[in-house]
Every structure is written in C-alpha cells, then in structure tokens.
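Following: one structure in structure tokens, then a few remarks.
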Amino acid sequence: MAQIAKIAIENAVYAIDKPYDYLVPEDMTVCAGMRVTVPFGRGNRRSEGMVLSVQEGAMDRPLKAVETVLDREAQLSAEQIRLALWMCQRYFCTFYDALHAILPIGLWYQHKELWHLKREPEGELPEKEQVLVSLLREKDRELSQLLEAQPKAKAMLQKLEQQGIVSCARASNRRVSDKTDWRVAFAITSQEAEELTRDKMRRAPRQGAALSFLLKNGETSLHDLIYYTGVQRKWVMKMGEEGVFSLCEQEIFRVPLRPAQEKAPQIQLNDEQQAAYNDILAQIHSGKPGVTLLQGVTGSGKTEVYITLAQKLLQEGRTAMILVPEIALTPQMMQRFSLYFGEDVALLHSGLGIAQRYDQYKRIRQGLVKIVLGTRSAVFAPIDNLGMIVLDEEQEGSYESEKSPCYHARDIAKYRCAKEGAWLVLGSATPTVETAYHAREGNYRLTLLRRRFNQNALPGVSLVDMRQELRQGNYTSISHPLYEEIQKNLELGQQTILFLNRRGNSRQVICPGCGYVPQCPRCSVSLTYHSANRRMMCHYCGYSERFEADCPQCGEAFRPVGSGTQRVEQELQELFPGVPILRMDADSVGVQHEKMLQKFDKEKIPILLGTQMVAKGLDFDNVTLVGVLAADQSLYVDNYRAAERTFVLLTQVVGRAGRGDKPGRALIQTYTPENEVLRDAARQDYESFYRREIGLRHMRREPPFTDVTVLTVSGSNEEFVRRSCMQLRDGLCAAMMQPEYRDMGLEVLGPAPAPVVKVNGRFRYRITVVGRCSGPVRRLLAAFMKDFAQRSENRNMSIFAEYNRMN
DNA sequence: AGCACGCCGACT
DNA sequence: GTCGGCGTGCTC
C-alpha cells in the first residue's frame, strides 16, 4: 500500500487534461488543494500540479513520484475543487484554466530553472554545447536565456548534467509574498522595563526612546516602533532573543481599511421595497437555494434592499456577496457599502493591485470579511456561510469574461448558491430575456419595484421619423424636433446629452479618392487610428504602423470615418454657433472619460455628444434632454440578441434625462419608426418588449428555449480549416443520428467563417450546434474535440467550444 | 503542447 | 558508419 495522489497538471492542454496518478513519497505530506511539482511527459519536464485527492492504494503499475510540495496549506477547498471540475465541463476548459479564474494572480508561482557550470568539461565538446558552456562560464543563466541562444539547449543540458558538468537549481517564486510584521511587547515586568528605559535613555537615546514608546503605548508593531523612534530593526530582534521583548509575527493586509466611523443613516424602506425585502428574506430563511428577479426601474431603490438584506444576514451571522458590473458607476456603491459595513466589507474592484487583491482574498478566506462587494471575478471569493448573492444590473455584458474560460458570473453565482444553500438575487430594470422568462415561468421568483424612489416621473419619450426629415431636405443628423428641443434647453440653461448609437470606441480612416482603408496584414479587419501615438493599430492582434497622412495608392489625404461624432459636432457648431460642446469618443477613454463626465457636470457644458460610453455612468441633475441620433444602428445586426441590446441601451440612455427634480424628455431618431422594439423602448414598456421577443425566440429556436454551442476551428491554412470543419460536422451529424442523441432535437449548422475570419494570420471557422447542451451532449462534444486535437492531419489547427455566450 | 523515439537521406 | 531531418504517438 502506498499513498497515491490524483493531480491536475498545469502544462496539460485540453486534449490530455485529466487527473494523473502520482506516488507520494513516504516522508512527504500533501493533501487535496495543495500545489506540487511533478515530472510530466516523456521528457519528464517539470510541471506544476494541483492535488485533487490523496488515497491509499496499491501500486498496480509504475508511477512517477511527486517532486516537491509548493504550499504549506491547501489553497483550494473541496468545494472549490468541485467548482473547478464543473467549470471544465461547462466551459470546455482545462482544470488549470478554471483555477486561474478562481484564484487571485498573487497566489501563482513562477517556476524558474537556473543553470550553473559545475566544472570545466574534459576534452572537446561539440560546437553547440561549447556555446552553452561559454555562456554559463560568464554567469549562471536562466533556461529561457539559453534557449534563445540554442533552440535545442534542453537536450544538451540534460546530457551535460548527466556528465556532471552543469547543474540546475529550480526555484518557484510567488508573484506576491505574504507580508508580515512583528508585534513587539515587553517580556519583562514593568518595573524592570522602567529601570531599563532610564538606564538606556542616558547611553543610547534612540533605544531609550523606543523603550519609553513601548512603555507608553503597550504592544506595538515593529513598523511603528521604527517609524516613531528611529530605532534599529536589528536591535529590536536582539532584544527579542535576549528575552527583553516578546516578538510575534503577524500577517499584514495591504488593503485600505475603512472602519465605519460615521453612523450610517438608518434606511427606511417604502412598502414596495419592504415587500421585496420580506419575500427575499423568507426565501433565504427557507434554506433552499433559488433565484429572485428583483425587477425595478432605475431609481426604484434596489440598492437599499440589498443593504438591508446584507445587514440582516450580518446580524444572523451569515455572509453576503454583492456583484456589480465593471462600470464607473461603482464608486458610489462602494462608498455606501463601506459606510454601512466598515471593515466587514471587502471591496474587490479593478483598481486594486495584485498585492491588495491577494490580501483581500486572504482576509476573506480567514473569515475576517462578512460582505463581499465586487465585480465579475469577486464571484469566486472564498467566503463561507453564504446567505445571498446579489447580481446588480444582471443584463450587463461585463459579467461575462472575455478570456477563456469565458465564464458568466451569473452561472457561477447560481452554481454556488445551489451548492451552498444560498439565495441568488438578480437585480435589473431591463433583465435579459432568459432571466425574465424564468421569472415568469415560475422557475425564479419575481419581485417588482414599480415606483421611482424620488417619485420622479420617467422621461417623456418620442420617436422622430428621419425619413420625413430627408423628404423635407434635412440631410444633417439633427432632426427639426430635436433642434427645437435643444434650443429650448439652451434658453433654459439646462443640459443635453446626444447619443450616437455606434460602437464608437475606434476611429477608422478612408481615402476619399480611391476608397482605400488600411487593413491589418495579419487579420481581416481594418486598422484604427490612435491619436495618442499617431499610429494605425489593430485591436485584434496588436499590430501597428505609423500613420501616413496620405493614401499610399493615390496620394490623397486620409479622412476619418469611425463613429461620426466629429461630423455631428461640426453640424452642431453650425446649428448652434458659439455653444460649447463636449465630445466623447475614441480619443477620450479611460481616466479621461471620468474626468470629462465630471467636467460636464461641474461646468454645466450645454451639450454632451458621445457614443455608447455616455449611456452608462453618473446621474446629472441638470440634464433634461436626451437625443438618440441613430437608434437603428444596433438593431439590424445578425445576432439574436440585437433587439434585446437595443432595448436595454435605449432604456438606459433615455433614463439619463430628468434624474434631478426637473422633468426630463427624450427624442429617439430613427429611419424605422414603426419598429416595435423602438416603440417599446420609447414607451419604456419592458413587458411588451419581452412578450414579443420571447415569442420570436421560441419560434426561432433560440435561448432560453435551447442552447447554442459554437465550435471554432482555427489554423493558418484557410482551406485546411474549412476541410477539417466539414469533416467534424459530418462526424457530429453522424453521431447525432445515433439512438441516444436522435430524439434530442439537435441540429448541426455550418461551417461558417467567424465574423472576423482572420486573426493573427489564423483563419477561424465555426460549427454551431443548436439544442440542449445536456451532460451527454457536452461529453460527446468534448470527445470530438479531444479526437480532433489528436488527429495528425489537424496538427497545426486548434479547436475550442463555448455555449450560450452572451457577447 | 512538447518531447522522445524511429526511420530515412547527406556527410566523414 | 553517424548526424540530423521530420513523421508518429504518448503523457500517471
């Protein structure tokens, strides 16, 4: 009998990712959740691994042994191991891919191989080995350096190591270390301490100062003692050894802690909020997992419900997690939560450095945190005793990771709630059609907040027919009705937001002479202009080239196309001469973006013109008019979510008007004013939108009535990729004719080129499987992918799968 | 993926 | 005869 560990291997790709058995040496202690290093593969290359379980078992075949243990304690709980295994199935990813999503970056090791020359070789070496030896003669070198000089260095080094000429030191270092400090206190009686202080004061003033500081303040951190007295660290440690001080090591968290100094105001819920609170609390108390959709218009006070629920859970000794989308909107929320929960809340937002993030993680794991407030990745916070998870603005796209594994925070939250007996609250004014469906079918509970908290009416919204404008000879992007309204606002000294419905985060250029648009040589997309470095850049592969003002083909000067905000700005300047306009687009993103919004608010600039980035964000009291310039833009794209996106976007942007005490109004300009989605958005009628949309989804076999699974094959030879795809499709079709799949209503579509066919010189084609992606179907697809990867004709091609992606 | 093994052609 | 080219198959 021997100890056998099941281990997930870091270096294993999807096709070979599974638990591998390793022997645990007699003198080694490991348990599930610890990381180890193991030899892996024919060349026994050293890889990191995660121990999934350890069992006593008979060695019925030769096993390799675990090399080193990297962790002193388990970094993953049994619960987290289960979650990672589930993610592997749900997102068709490797175990380590899942781990990278679950654990903070600060926890990961960087593995290094440092090679050293032990002795001079006797006799002649082959020329290439000689090169390595002379490199090592200068100094010890890292493997990566040696590989640069000699591509086949690995085999040579192994040979030289066997001959005893070189040796290798392997080190595994963490990105972030655990920060500790010492607590210093007297280990002697106070009389002795006073005596010693008087004695030292005369001979060694700094040491005396330190002693009297300790006398006055009692137990102190070493950091503070040094800071306030200038005493030497070495001396304090010496005093510790001599038994004058007692020293004990203490973990330091590099997290800005905000104790709740002010008394947070008591929240008074209105009757609607109270009803929502009561219902959700009753569900939490039932102990059964489940979901509530808290559907309330903006300003109906969902946050108050979250806070009071969290307060209640805190009282009951349970914990809560509140997730918010990755937008600039969160600072207010974070302020409120630290006001109410002080040190009990851990804030996990994108502004944290890796050390801070890691320390928050540790605080949570140690049970020092009762409430977690954060963005997408916070859903993995290792918090125990969870009573509730809230996903605010459930429909937001930022809840889905764009890196593999492309997990959706809602899925993970649902999984955790189910396993941990917690309740999931989805908050939204305009929920996704799937969520609304589940709520209306009774799979989720539905709670409505109809009233706006400050009793403000929703803005009055009307549609403007732009065809009419064309007939009247108005070819600008500002219609007559919108012009009138802007004029009115200017006279009243109130502000206007104009919204151009384009994905305007980039600027393209075109040659007006020959129509030439600079393209990325590696991808099938056009390059975009960046004013900061005056370069043309590719957003897919990072390629860039210097911007030439003139077209290389015909010599005419390039002109910007892009989002068109410049053109609209020009038109506005002609229509309203002398009126200041703030334009927000590609040139103003990131930090600038927030500053500009502040400027707009503070300086009361009359008109703000921008693309999608102005739809979200802060509330402005003085904005009473919103104009949507091209509502149709996001509506007619080939995506089953287009209608939903447009509705959500328009509702959001229209809601920007009339946030203060003045009533707001909005105009939506469109070439298709008869379009029902636009009419619903104008009426702010979610129910009507939902009823029509769910009917269409049912008819067209789209989520929530089915799952859409996309398999993507990529490779540098377009013809090979297409052929492999076709083979794969035929295989899948044949498999789906088998009796166990025949009645599942599965459909295989494609292959079709991906929306951007070529990225980084690789062509991408997709096969779509429509139909419930149940366990057996997932296993079938996984088997197909593994088979695909192992076929030699697919050598230079890769494949991945994802299902029900939102974005 | 990454690495060894193995089987063929260009050199000492 | 041997060095090194790439095709093939496995990873506890």
Side-chain angles (χ1 to χ4, degrees), chain A residues 1-26 28 30 32 34-69 81 85 88 92-100 111 113 124-132 143-144 146-148 150-162 168 170 404-405 712-717 720 724 760-762 782-783 785-801:
Chain A
M1 288 299 240
Q3 286 227 308
I4 294 169
K6 294 219 175 290
I7 294 173
I9 305 293
E10 179 172 35
N11 293 350
V13 293
Y14 183 76
I16 61 159
D17 184 46
K18 60 175 183 206
Y20 288 86
D21 290 340
Y22 280 87
L23 179 73
V24 181
E26 296 273 317
M28 186 184 277
V30 279
M34 285 182 183
R35 288 170 295 175
V36 293
T37 60
V38 291
F40 185 71
R42 260 216 245 228
N44 280 333
R45 93 204 127 89
R46 192 168 173 265
S47 174
E48 191 189 297
M50 174 64 82
V51 179
L52 303 179
S53 63
V54 184
Q55 283 155 3
E56 287 286 326
M59 275 252 281
D60 45 3
R61 69 204 145 119
L63 294 179
K64 292 180 187 176
V66 176
E67 219 169 65
T68 55
V69 183
I81 292 178
L85 289 169
C88 294
F92 299 99
C93 69
T94 68
F95 190 83
Y96 254 81
D97 284 337
L99 279 193
H100 282 293
H111 304 283
E113 277 188 18
E124 279 298 291
L125 284 178
E127 191 188 329
K128 287 178 178 175
E129 288 175 28
Q130 198 60 54
V131 173
L132 286 180
L143 181 65
S144 56
L146 297 171
L147 279 170
E148 263 171 53
Q150 259 332 308
K152 301 203 84 181
K154 251 188 168 159
M156 294 180 216
L157 286 167
Q158 219 165 62
K159 197 176 132 207
L160 292 170
E161 191 177 22
Q162 270 172 19
C168 169
R170 297 175 215 274
S404 174
T712 307
V713 175
S714 71
S716 44
N717 184 318
F720 289 177
S724 285
N760 233 332
R762 292 176 72 84
M785 285 167 64
K786 291 185 181 183
D787 177 67
F788 181 96
Q790 249 141 21
R791 291 176 107 101
S792 59
E793 68 261 33
N794 296 331
R795 183 118 291 232
N796 300 312
M797 279 179 256
S798 56
I799 184 168
F800 64 91

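Letters A, B, ... mirror the listed sequences (proteins, then strands); counts begin at 1.
- Across the interface with DNA chain C, nearest-nucleotide mapping of A/P62 and A/R42 shows A/R42 to be the residue nearer the 5′ end.
- To the nearest angstrom, P of B/dG2 lies 10 Å from CD1 of A/I16.
- Atom CG of A/N44 and atom C1' of B/dA4 are 11 Å apart (whole Å).
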Give the C-alpha distance, both sets of side-chain angles, the deciding distance and a yes or no for side-chain contact (heavy atoms from CB on, under 4.5 Å) between A/L132 and A/L146. CA-CA 7 Å; A/L132 286 180; A/L146 297 171; 3.9 Å; yes
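- Base contact: A/K18 has a heavy atom under 4.0 Å from a base atom.
- A/L63 comes within contact range of the sugar-phosphate backbone alone, with a heavy-atom separation under 4.0 Å but no base atom that close.
- If you take CD1 of A/I9 and P of C/dC10, they are 19 Å apart, rounded to a whole angstrom.
- Rounded to whole Å, atom P of B/dA4 lies 10 Å from atom CZ of A/R45.
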Check against side-chain contact (heavy atoms from CB on, under 4.5 Å), A/M34 and A/V69: CA-CA 7 Å; A/M34 285 182 183; A/V69 183; 4.0 Å; yes
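- With a 6.0 Å radius and a threshold of 12 heavy atoms from other residues, nucleotides or ligands, A/E26 has its CD atom at or below the threshold.
- Among C/dT11, C/dC12, C/dT8, the nucleotide with an atom closest to any side-chain atom of A/K64 is C/dC12.
- Rounded to whole Å, atom C1' of C/dC12 lies 6 Å from atom CG of A/D21.
- In this structure, A/E793 atom CD and C/dC6 atom P are separated by 20 Å, rounded to whole Å.
- In this structure, A/R791 places its CZ atom 17 Å from C1' of C/dG7, rounding to the nearest Å.
- No donor-acceptor pair closer than 3.5 Å links the side chain of A/K6 to the backbone N or O of A/Q55.
- Between the NZ atom of A/K786 and the C1' atom of C/dT11 there is a distance of 13 Å, rounded to whole Å.
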